[in-house]
Amino acid sequence: MTKLIEAALTPVIETAVPALGEETIRHMEIFRFDRGSAERFIPWSDHGWNCGLFKVSCKDAAGYVEYALPSAREFSDLVRWASVFSRLRGMSVTEAIRYARKQQQWGPARMQLAVSALADLEINLHRHITRERLGGLPLERSFLMNCSEAYYHF
């Protein structure tokens, strides 16, 4: 079972973003945190789980979701597990949400992770916001890289 939290809405920075329908998914990133960072930033997760952050980006906005997955073989290879998300690249945000909701073959964890990050992206585009933090977690890439034991950009 996957545990996800809804993204915090503050603090934000106002930006100018094109209309939602024009934005397409440009890239995605998934960070698997090291144990210390997971315990620090995702305290609600079970000890020993694979925890991290999934980010979906358009030109001027991004959507984020934290995740906690059991430390099972199924989730151990981050690249293999997350590679299904690459199909979202190039889709509009609305199209990607519809597509992800139909991907039962991804399994509930991946489907929920994708839909949650895409929904956050849709909100951020609509409200013209750029996040600096997700709850207590800073979203600066260099910080996230320092907290991670695995990373995949696609």
Just by distance, do the side chain of [X] and the backbone of [Y] share a donor-acceptor pair under 3.5 Å?
| X | Y | value |
| --- | --- | --- |
| Asn124 | Asp120 | yes |
| Arg110 | Trp81 | yes |
| Ser83 | Arg80 | yes |

Give, for atom [atom1] of [X] and atom [atom2] of [Y], the distance between the pair rounded to the nearest 0.5 Å.
| X | Y | atom1 | atom2 | result |
| --- | --- | --- | --- | --- |
| Arg101 | Gln112 | CZ | CD | 12.0 Å |
| Tyr99 | Arg87 | OH | CZ | 5.0 Å |
| Lys59 | His27 | NZ | NE2 | 14.0 Å |
| Cys147 | Leu53 | SG | CG | 10.5 Å |
| Cys51 | Glu149 | SG | CD | 9.5 Å |

Taking every non-hydrogen atom, the tightest pair across [X] and [Y]:
| X | Y | answer |
| --- | --- | --- |
| Leu134 | Glu66 | CD2-CG, 3.6 Å |
| Ala117 | Val65 | CB-CG1, 3.8 Å |
| Ala100 | Leu118 | CB-CD1, 4.1 Å |
| Cys58 | Leu125 | SG-CD1, 4.2 Å |
| Leu144 | Pro138 | CD2-O, 3.5 Å |

task = Verify whether the ring centers belonging to Phe75 and Tyr67 lie closer than 6.0 Å.
result =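 No.
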query = Should Leu78 and Ile30 count as side-chain neighbours, where that means a heavy-atom distance under 4.5 Å?
reply =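 Sidechains of Ile30 and Leu78: in contact.
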request  = State, yes or no, whether a side-chain contact exists between Val84 and Gln103 at a heavy-atom distance under 4.5 Å.
outcome  = no
ask   = Among all residues two or more places apart in sequence or in another chain, which pass the ring-ring contact (aromatic ring centres under 6.0 Å, His included) test with Phe33?
value =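 Partners of Phe33 under the ring-ring contact (aromatic ring centres under 6.0 Å, His included) test: none.
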ask   = Passes side-chain contact (heavy atoms from CB on, under 4.5 Å), Trp49 versus Ile42? Steps please.
value = CA-CA 10 Å; Trp49 282 34; Ile42 308 179; over 6 Å; no
ask   = Which class fits the ring pair Phe85 and Trp106: parallel under 30°, tilted 30 to 60°, perpendicular over 60°?
value =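 Answer is perpendicular, since the angle exceeds 60°.
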task = State yes or no: do Met111 and Phe154 share one hydrophobic cluster built from I, L, V, M, F, W and Y residues joined by side-chain heavy-atom distances below 4.5 Å, directly or via other members?
result =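 No, no single cluster joins them.
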request  = Spell out, yes or no, whether Tyr152 and Ile25 are grouped together once hydrophobic residues are joined by side-chain heavy atoms under 4.5 Å, including indirect joins.
outcome  = yes
request  = Would you list the pairs meeting salt bridge (Lys or Arg N to Asp or Glu O under 4.0 Å) in which at least one residue belongs to residues 28-38, sequence neighbours left out?
outcome  = Glu29-Lys55, Glu29-Arg141
ask   = Should Phe41 and Phe31 be marked as a ring pair (Phe, Tyr, Trp, His ring centres under 6.0 Å) after you check the CA-CA gap, both sets of side-chain angles, and the distance that decides it?
value = CA-CA 13 Å; Phe41 294 111; Phe31 302 84; over 10 Å; no
